[in-house]
Amino acid sequence: MADNATAPSGAAAAIRGADPIDVLVIGAGPAGIAAATAAAEAGSRVLVIDDNPAPGGQIWRGGGAAGAAGAALRRLAACGAAVVPGTAVVSVGPGPAVVVRGPHGADERESLVRLAPRRVVLATGARERFVPFPGWTTPGVVGAGGLQALVKQGLDVAGRRVVVAGSGPLLLAVGELVVQRGGRLVAIAEQAGAWRLARFGAGLLAAPSKLAQALSLRRAIGPVLRPGCFPIAVRPAAAGLVVTLRAGGPGRERDTELACDILAAGFGLVPNTEVARALGCRIGAAGVWVDQWQRTSVGDVLAAGECTGVGGLEKSLVEGRRAGLVAAGREREADRLRAPAHRARRFAARLERTFALDPRLATLADDETIVCRCEDVAAGRLRGFTGWREAKLLSRVGMGPCQGRVCGTCTAVVFGWTCDDVRPPLVPVPVGSLSMAPER
Amino acid sequence: MKVAVVGAGIVGAAAAAALARAGCRATVYEARFPGGGATAAGMGHVVVMDDSPAQLALTARGREVWESLADRLPAAAEYRRTGTLWVAADDDEMAEAEAKAGRLAATGIACRMIDARELARREPALRGGLAGGLLVPDDAVVYPPPVAAWMLAEAVAAGAVVHRGAEVVALGESGAVRLADGTVFDADVVVVATGAAAAALVPDVPVRPRKGHLVITDRVPGMVTSQLVELGYVKRAHDVGTDSVAFNVQPRATGQLLVGSSRQIDVTSRGIDEAMLSRMLARCLEFMPGLGSVPAIRSWTGLRAATPDGLPLVGPWPAAEGVWLATGHEGLGITTAPATAEVLAAALLGRASAIPVEPFRPARLHSPGIRHESN
Amino acid sequence: MSQTDQPRSSVLVWIDGVPVTVPAGQSVAAALLNRVNRGDGSGWTIRQSVAGAARGPLCGMGICFECRATVDGRPHERTCMLAVRDGMEVRTDG
C-alpha cells in the first residue's frame, strides 16, 4: 500500500528520473518481475510500473521475505530495475509510449507523465471473473481472490464462517488462507465436477511442484470441498448470510442452504487486456496474442503471463523471463526456455478445460439481479440488446468508474457480449491532471 | 408517399416519426443501432441559440417541442430543465449578455440577467471575479440515445418500418437505396440523415466534420446547478477555420458533470486528441478551479456535421432527383431534431410549417458548377 | 509498504468521525471491514450504490470501485489501494 514515506512526488520523481528507458514493464506481478529482472540483468535500463501499492501482484501480495516471492522480490531489488508502484496507465501512444498517472492519492496538481521506452512488456495480469446471481451484491459477498487480497491487507477472518465458491485452483488457496487465519471454512463449492477435478489431479503427477502444493492444500480443505456445486443465491440473514448451493446435473438438482458470514465467490480469472487493446494489440481467444517470442502484433510491444492467457505462476515466470530476454535482445537465451514455456501453455489449456464454466451459470441472474454494480443496472434491463455498445448507451451498463471491468465479464458470461471499447483515461484520473500536457 | 430514411440518429428517428404520422410509408435504414453515432456523442443540451434569426426560430421551436414531449419521455431520457447560464467573464461579455437577452426577449424566450453576486450564489463552484451572466431558465438537458430509441419506437407505432444492421452504401435512381449486402429498396424519396457522413452518400454535399471532445466525471451531486457555458463560446464556436475550446459544463441527472467543449474542423479520426483534451479541460478549470480534483472517468469524441453558414440542410438536394437532406445540425442536432422533422415533413408534403422552411433549404448552398470534379 | 503480517505499530484513523486504532500497514478497506469484529454493527457496508443499496468490497484489488470512500477530503478513493495513515479521515456513506 502507498504509505506515508512515499510522498506522491517521490514516486513521480522516480518515474521522471528513469529516462531513457530501454524496457518498460507494465505490471509487477510474477511475470513483470521476471521480465524486469531478466532484461535488467541483461544490461537494459528497465522501469517497472504497477497500479498496486507494492510489487508482487496478486499472488505475491504482502509476500514477505520467505519462499519464491521473497527471492524474486530480492532479485528484482538487486537487478537495477527501477520499480514504481501506485502508477497506472492512463493512455497510450505514440508508438509504444504510454502516459501514466502518478502514485496513489493522485494529486490533481500533478501532471501525467509520458514514458517513451524502446520496448514495452505487458504483464498486466488477470482479474477475477464474476458471475451475477441473486444477492451477489449483498455486503459480505466478495470475490474469492477478493477475500484473499483483503485478508492479506489485514482483514481479520478469525472465527468467521466462510463459504468459498466459484471455480479454479484459487478457491483452494483461499480456503487454506481462511483456515490459516482462524476462519471457519464452511464449504468450498467448485462448479467443476468431481471427475474433471480428478483428471486434473492425475495430470498434476507430471508436475511435482504443483502436486505437493495440492497435497498440502488437501489436508486443510479436503473435508469441505464440494465439487460440481455452485451458488445460485445468497441473502442476508439475522446474523450473516444464507447461501444456496446447487449440486447435481440438469434435472437432478439438489439445493442446500448454508449459513455464513462471508461468501467468497469467484469464477476463475480473465486477462487484463485494456492496455494491450489501447495499444492496438491483437487479442486472441485466451488473452493478448503473442508469437513464440512473446511479441504481440504491435512492434516493440511484448506480453507475458496471465494477460496472454490464464495459466498460473509457472507460466507467468517463464513467459516473463522470456519476454524480458527478448526485449533486451537476448533471443538466444530466451530460446532455451522454449520447452518450459510450452509446458506452461499446455498446463494453461488443461486449466481451461478443467474449470470451463457450467452453462447453467449464465442463467442464474434473474431480472432484478444487478449486473453493473457501478450504475445499478439489472439483468432484466439488458435483455434484447444486440451487443455491449448498444446496451451501454441505452442502459448505462459499464458507464461507471470500473469502466466495464466487472460488468463486462459478467455480460460476457450471461449474454456472450464482447466489451471491446477502450478509451483514455484507462483509469479514473483527476480532471486537473488531464488538463495539463503530459510531461515529456 | 414512400420515404426511405437513412440513419436512425435522433434526426432520422424524429423525421421518421413525423413522416409516418403525416401518412408517409417511412422505412428507416440504420447501419448499427439507433442513436449510436453523433447522437450518443453529443451533450444533450436543449438550448436556444441566436446566431441568426433562422437559428433562433429553429432552436426555439425545437425546445418548445421538447417541452411538450417532456411528460412522455422515458425516465432514461433524463430530461431536466436545468436552464442555461451564459457566464460573462468581464464587462465586454456582460454587454454581450445584455444584447443576447434583448434578442431572446424579443422572440418571447424567458431570460434574466444575473449579477456577480447572484452568479456566485447560484454556482459556487465558479471562480470569483466573474462579471455575471444570462440565465435562460427553460433550456434543458437530456440523455439522447434513449430518446432516439424512443422516437424510433414512436415512428414504428405510427407505421414506420425499421431495418437495423442495414448499411446504405449508395443512393440509386430517384429514391432507391442500396445496402451493403447488395439489396436495393425503392422509395419515392430518400432522406439522408447520417450527420457528418452524409457526404459519403451525397457527393459534394456542403457538410464537413467538426470533431468535438467530451469528458464525464464521477458523481459530484450538487456541484453545478445549470448548464454553464462561457459567453465567449459563441465567438469561439463559430470561428470555423480554427480549432477552439470553450468552457461548457453540464450537470447530469446522475450527479456527474459532462465537460466540454472543443471544435476541430475536418478531423475525421475518432481518437482522443490528448492536446485538445488538455486544452479544453484547462479552459474549464479557468472558470471552475474545483473541477480539478473531480475524477474524470471517460472521454470520447464525436463528429458534428458543420455547414458553411451554420444552419442545417433540410429539404431537397438539387443535384440528385429524389434525394432529401436532414443533416448539417453542427452542435444543435438534439435541440433541433423535433423541429427539423416538422420542417422536413412540411416541405415534403407541401403543408404549413410552424416556422419558415426556406432558410434551411439545401439549395442555398448548392453550386451546380462544382459537381463531380473527381471520378 | 509494511508487512501486514507483522504489524509493528498502530495508527489512529478517524472513521466517520470515530477514532479507531488500526495496525500500521493495513489497507483502509480492511480497517473498515474489521469494524464488524468490534461488534459495532456497521457490517460490511462501505458505500451506498447509486440506487441506494448497501455495498461492500468485491475485488480487493482496485478493479471494482465498490470500496470507495472519501479519504482526507478526496471523494471516490479506492480504500483497498490505500494504507491507513495516522490521522487519516475516512468518510463512508454506508
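Here is how names work: the chains are called A, B, and so on, in the same order as the sequence lines, proteins then strands, and each is numbered from 1. Worth saying up front: this structure is predicted, and the values here are computed from it rather than measured.
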Heavy-atom contact with chain B under 4.5 Å, split by part of [X]:
X      : value
A:R396 : side chain
A:V422 : neither
A:Q403 : side chain

Between [options], which residue shows the highest count of heavy-atom pairs closer than 4.5 Å to chain A?
options                        : answer
B:G35, B:P146, B:A148, B:C284  : B:P146
B:T254, B:V259, B:V215, B:L277 : B:T254
B:R219, B:R279, B:R32          : B:R219

Is [X] reaching over with its side chain to a backbone N or O of [Y], donor-acceptor style, under 3.5 angstrom?
X      : Y      : value
A:R389 : B:G36  : yes
B:R298 : A:M399 : yes
B:S299 : A:P424 : yes
B:S278 : A:L434 : yes
B:Y143 : A:L393 : yes

[X] portion near chain A, given a 4.5 angstrom heavy-atom threshold:
X      : result
B:T217 : side chain
B:A275 : neither
B:E286 : neither
B:L291 : both

Worksheet entry | Contact summary for A:V431 and B:A296, nearest pair of heavy atoms |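 Shortest heavy-atom contact: CG2-CB, 4.0 Å.
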Worksheet item: Who wins among A:G93, A:P425, A:C374, A:S395 for the most heavy-atom pairs under 4.5 Å with chain B?
Response: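 Highest number of pairs under 4.5 Å: A:P425.
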Worksheet item: With chain B, which of A:S435, A:G432, A:A437 has the greatest number of heavy-atom pairs at distances under 4.5 Å?
Response: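 Between A:S435, A:G432, A:A437, the count favours A:S435.
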Fill in: Between CZ on residue B:R270 and CZ on residue A:R423, distance to nearest 0.5 Å
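Spacing of CZ (B:R270) from CZ (A:R423) equals 8.5 Å.
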